[in-house]
Amino acid sequence: MTMKFHFEVPGDDFTRAGEASGELKLKLKRLGFSADVVRRMTIAMYEGEINMAIHAGGGVADVEILPDRITAVLTDNGPGIPDIEQAMKEGWSTAPDNIRSLGFGAGMGLPNIKKYTDMLDIKSVVGKGTTLTMTVLAK
Amino acid sequence: MTIADVRDFLEAEVISGEGHLDTEVHNACGSDMMSDVLAFVKDQSVLLTGLINPQVVRTADMMDMVCIVFVRGKKPGDEIIALANERGIVLMNTPYRMFTACGLLYEAGLRGGN
């Protein structure tokens, strides 16, 4: 059994970032995944959505659900990440002040995604965009 | 304690989710930084915050939290209330500031969790 879902993440309305994660959460719960798996996957995807909304003008998320794993591929055509190693450090952020006033931009996004997922791959080309592939294993 | 007890201790006004007031809660977290809530909170059921935007509800939902308390009497907009209703999350506001509100709940027995 493989299920696939495609989500559009808007870039012009920050208040809507997280809609896809919320929808995914309901689907995973209905499919009977454990609370831990559902939480880890949806938090990681939520942080990814927030990142795309803040930095990249939105993007798309393609999610593949298998009985033993959930993989989300988040793709954007944003400015790219010049130094991925630095971006992975807790507290490093290039988010503007107006995003901080909304409760984000603390430099925890990518570290959180890394923390909650079992596998994470980041491919980024400056000026072209970024693709995050994140997997949570359902034990 | 229950969410109704939280309301009473904080002299709060329930904005939405009246039907869930008998839900038991054991842990709470106070923060205006949603990234921190997503990073450090585990199994906490009440979120106290001074932030008013839909991402507060989304963050609480991702963390399986059941109650959001807005401090300093802040009132959320209709969009936030609708989202909380959809997710079954209780919203309330208290006249107390963050520090005092957290202190009152701690004194009453709520803890910070792991």
Side-chain angles (χ1 to χ4, degrees), chain A residues 9-10 13-29 33-51 53-54 87-93 95 97-117 136, chain B residues 17 23-27 29-66 68-72 74-89 91 93 98 113-114:
Chain A
V9 179
D13 184 359
F14 183 72
T15 62
R16 287 184 55 211
E19 281 183 355
S21 314
E23 208 177 308
L24 177 66
K25 181 174 184 178
L26 294 178
K27 288 183 196 300
L28 295 176
K29 268 178 144 176
F33 285 100
S34 73
D36 173 65
V37 167
V38 173
R39 193 186 291 181
R40 287 194 294 122
M41 187 65 221
T42 51
I43 291 172
M45 178 141 148
Y46 180 48
E47 289 279 20
E49 271 191 81
I50 294 284
N51 274 348
I54 294 174
M88 292 304 297
K89 286 181 185 155
E90 290 190 3
W92 170 259
S93 176
D97 284 344
N98 67 318
I99 295 299
R100 290 201 182 86
S101 70
L102 293 169
F104 291 90
M108 296 303 293
L110 285 174
N112 274 355
I113 293 172
K114 174 99 180 143
K115 176 177 161 183
Y116 288 115
T117 54
V136 168
Chain B
T23 303
E24 283 279 338
V25 293
H26 301 285
N27 296 292
C29 158
S31 182
D32 287 348
M33 188 49 83
M34 295 303 105
S35 301
D36 280 347
V37 177
L38 290 165
F40 303 120
V41 180
K42 272 189 176 175
D43 293 324
Q44 277 154 339
S45 30
V46 182
L47 172 63
L48 295 97
T49 187
L51 197 63
I52 300 268
N53 69 52
Q55 300 306 345
V56 174
V57 180
R58 292 197 191 285
T59 299
D61 182 38
M62 296 303 157
M63 304 307 284
D64 297 317
M65 292 170 142
V66 292
I68 300 170
V69 180
F70 297 108
V71 298
R72 285 188 282 125
K74 291 186 176 183
K75 290 191 171 68
D78 292 343
E79 190 187 355
I80 297 174
I81 295 171
L83 188 59
N85 276 330
E86 185 189 310
R87 300 288 163 169
I89 296 171
L91 299 183
N93 63 8
M98 176 74 97
N114 299 319

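Heavy atoms only: backbone and side chains are in, while hydrogens, waters and symmetry mates are out. The structure presented is a predicted model; accordingly, all values stated were derived computationally and were not measured. Below, chain A is the first sequence line, B the second, and so on; all start at residue 1.
Looking at B:Asp32, the atoms closer than 4.5 Å to chain A (heavy atoms on both sides) all sit in the backbone: N, CA, C or O. For B:Ser31, no part lies near chain A; criterion is any non-hydrogen pair under 4.5 Å. With a 4.5 angstrom heavy-atom cutoff, A:Tyr46 touches chain B only via side-chain atoms. For A:Glu19, the parts lying near chain B are the backbone and the side chain together; criterion is any non-hydrogen pair under 4.5 Å.
When all heavy atoms are compared, the tightest approach of B:Met33 to A:Arg100 is CE-O, 4.5 Å. The minimum heavy-atom distance between A:Tyr116 and B:Ala39, with the atom names listed, is OH-O, 3.4 Å.
Looking only at distances, a side-chain donor or acceptor of B:Gln55 sits under 3.5 Å from a matching main-chain atom of A:Phe14. Judged by distance alone, with hydrogens and angles left aside, the side-chain atoms of B:Arg58 form no donor-acceptor pair with the main-chain N or O of A:Ser21 at under 3.5 Å.
Looking at heavy atoms from C-beta onward, A:Lys115 lies out of side-chain contact with B:Leu38 at the 4.5 angstrom threshold. Side chains of A:Leu102 and B:Met34 form no contact here, defined as non-hydrogen atoms less than 4.5 Å apart.
When the heavy atoms of residues 77-87 of chain B are compared with those of chain A, the residues falling under 4.5 Å are B:Glu79, B:Arg87, listed by number.
Within the model, atoms OG1 of A:Thr42 and CE of B:Met62 stand 5.5 Å from one another, a figure rounded to the nearest 0.5 Å.
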